[in-house]
Q: 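Just passing along the structure, written as structure tokens.
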Amino acid sequence: MLRGSVERTDVLVAGAGPVGLYLAGLLGKSGLAVTVLDEHDSIGRPNHCSGLVSRNLDLFVRPMREWIEHEVSGAIISSGSASISLRKTRPAAYVIDREMFDLSLSEGLDVRPGTRVEGVSAGEEGNSSKEGASRLRSEKGIAVKTNKGVFRAQMLIGCDGANSVVARHFGSRPKKLLMGVIGITREEDYSENVEIMIDKTRARDGFFWKIPRGRTTEYGLFSSKADFLELEKFFGIKPAERRTGLIPLGPGKTYFNRAVLVGDAAGMSKPWSGGGLIYGLTAARIAANVVCEAFNQNDFSEGFLSRYESGWKKEIGRQIQVGMFGRGIFESMDNGDVKIVLKLLRICNPLMNMLDMDFLVR
Ligand SMILES: Cc1cc2nc3c(=O)[nH]c(=O)nc-3n(C[C@H](O)[C@H](O)[C@H](O)COP(=O)(O)OP(=O)(O)OC[C@H]3O[C@@H](n4cnc5c(N)ncnc54)[C@H](O)[C@@H]3O)c2cc1C
């Protein structure tokens with residue numbers, strides 16, 4: 001049953017995470033009417049993210065003191081006694097407060113908190129609805145069923161994260177879904193390095209990390225079987241705050257009649273670290289251009305929107321493909337293999353220092 005009134009807009013964005021908000025902002029600046037729907041009552045909450053993001057972020061937004069907790073310039077990667085230290089000559093990454101960051105992106109936008117997307121129903125030209133809402137199908141456009149009634153638009157953008165309802169509707173799923181768990185302690189830590197610890201006996205397909213957050217310290221674990229018990233045992237900590245979330249790796253199809261998927265909803269994370277902010281924002285910018293063009297040409301067909309997928313593949317497709325291949329090799333290694341690799345990498349340390357956190361292959 002479809003309840004409540006039907007609201008109409010040009011573009012509906014499902015999900016007020018950083019990717020949906022950034023994209024909504026770009027579309028709004030182009031003169032389109034955009035409504036962002038989010039299931040949670042407050043933007044940025046619950047926060048499931050470390051917010052470690054390279055300075056490539058400056059390419060998308062102006063850095064703001066309110067959401068930068070700390071900056072780091074290096075990383076120490078270790079496995080038992082073997083380690084490698086990567087260093088930049090200046091701060092290379094921000095440690096951001098994701099709640100404050102998301103809030104700043106939401107300024108001036110039409111965001112509807114507490115509005116959960118429950119189903120999608122496409123217009124005349126295809127994508128038949130599982131909900132069977134014939135009243136909605138009889139109009140052109142795309143409709144979204146929520147707990148607060150029906151929203152209708154010319155286009156729908158799925159930015160609703162790793163468990164995306166929009167992606168499920170279109171049958172698109174990431175190749176892998178991993179877990180991240182975070183424990184935050186009240187110890188001050190202003191050090192310059194992020195630490196990454198690999199122990200294949202405890203996290204076969206991931207790693208532990210420690211991030212200095214300035215006034216606090218973050219400990220984390222990323223793997224297919226991450227849990228708080230393992231995290232707290234490994235570091236011997238009793239966190240004051242715990243966070244958890246899913247990390248999708250390996251995008252499926254991202255364009256459909258009147259809809260595209262962007263960010264975690266599309267599985268656009270870095271396969272080696274699980275970081276998804278820079279790739280999500282990169283794809284959002286490409287999606288914004290294609291969606292504006294679709295309105296100019298009045299063409300919302302899957303054929304037209306396929307240029308969005310070609311666009312993001314040009315920018316980040318190779319990184320993800322090579323990353324997934326590298327991940328496959330990493331998953332098959334044991335601790336002994338990892339130590340050998342770290343020792344080999346030490347030999348080419350100057351080259352490693354030149355690597356970009358987001359774009360490992362050029
Ligand atoms: C433990 C952990 C640590 C991480 N650390 C980093 C890091 O340091 N650096 C980095 O770059 N990335 C990191 N990531 C990944 C990063 O958090 C994501 O890539 C990023 O949040 C993706 O943004 P998004 O907007 O696509 O999705 P999300 O941030 O997941 O936002 C999706 C939004 O959609 C909403 N939503 C979901 N379902 C519905 C629905 N049915 N209806 C309406 N709204 C809905 C949610 O409430 C949410 O607001 C981490 C992830 C995890 C789990």
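Everything quoted here is computed from the prediction, not taken from an experiment. Start at 1 and go down the list; that is how both ligands and their atoms are numbered.
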Q: Which donor-acceptor pairs under 3.5 Å do the side chains of residues 336-350 make with protein atoms, sequence neighbours left out?
A:
unit_1 : atom_1 : unit_2 : atom_2 : d
D337   : OD2    : D334   : N      : 3.0
R346   : NH1    : S83    : O      : 2.8

Q: If you look only at pairs with a residue in residues 262-274, which of them pass as a salt bridge (Lys or Arg N to Asp or Glu O under 4.0 Å), with sequence neighbours excluded?
A: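 Residue pairs passing salt bridge (Lys or Arg N to Asp or Glu O under 4.0 Å), neighbours aside: K270-D358.
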Q: Can you tell me which residue among V117, L37, V120 is in a side-chain contact (heavy atoms from CB on, under 4.5 Å) with L156?
A: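 So, applying the side-chain contact (heavy atoms from CB on, under 4.5 Å) to L156 and each of V117, L37, V120, only V120 qualifies.
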Q: Is it the case that the side chains of E218 and S50 hold a donor-acceptor pair, with the cut-off being a distance below 3.5 Å and no angle test?
A: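 S50 vs E218: donor-acceptor pair found between side chains.
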Q: List in chain and number order the residues that pass side-chain hydrogen bond (donor to acceptor under 3.5 Å, both in side chains) with S73, two or more places apart in sequence or in another chain; answer none if no residue qualifies.
A: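 With sequence neighbours excluded, S73 shows a side-chain hydrogen bond (donor to acceptor under 3.5 Å, both in side chains) to R87, given in chain and number order.
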Q: Under a strict 4.0 Å criterion on non-hydrogen atoms, which protein residues are in contact with ligand 1?
A: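 Near ligand 1, by chain and number: G15, A16, G17, P18, V19, L37, D38, E39, H40, H48, C49, S50, G51, L52, R98, T115, R116, V117, C159, D160, G161, V165, G180, I182, G245, L246, I247, G263, D264, G274, G275, G276, L277.
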Q: Does the cation-pi check pass for K233 over F235, that is, NZ or CZ under 6.0 Å from the six-membered ring centre and within 45° of its axis?
A: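 Negative - K233 is either too far from the ring of F235 or too far off its axis.
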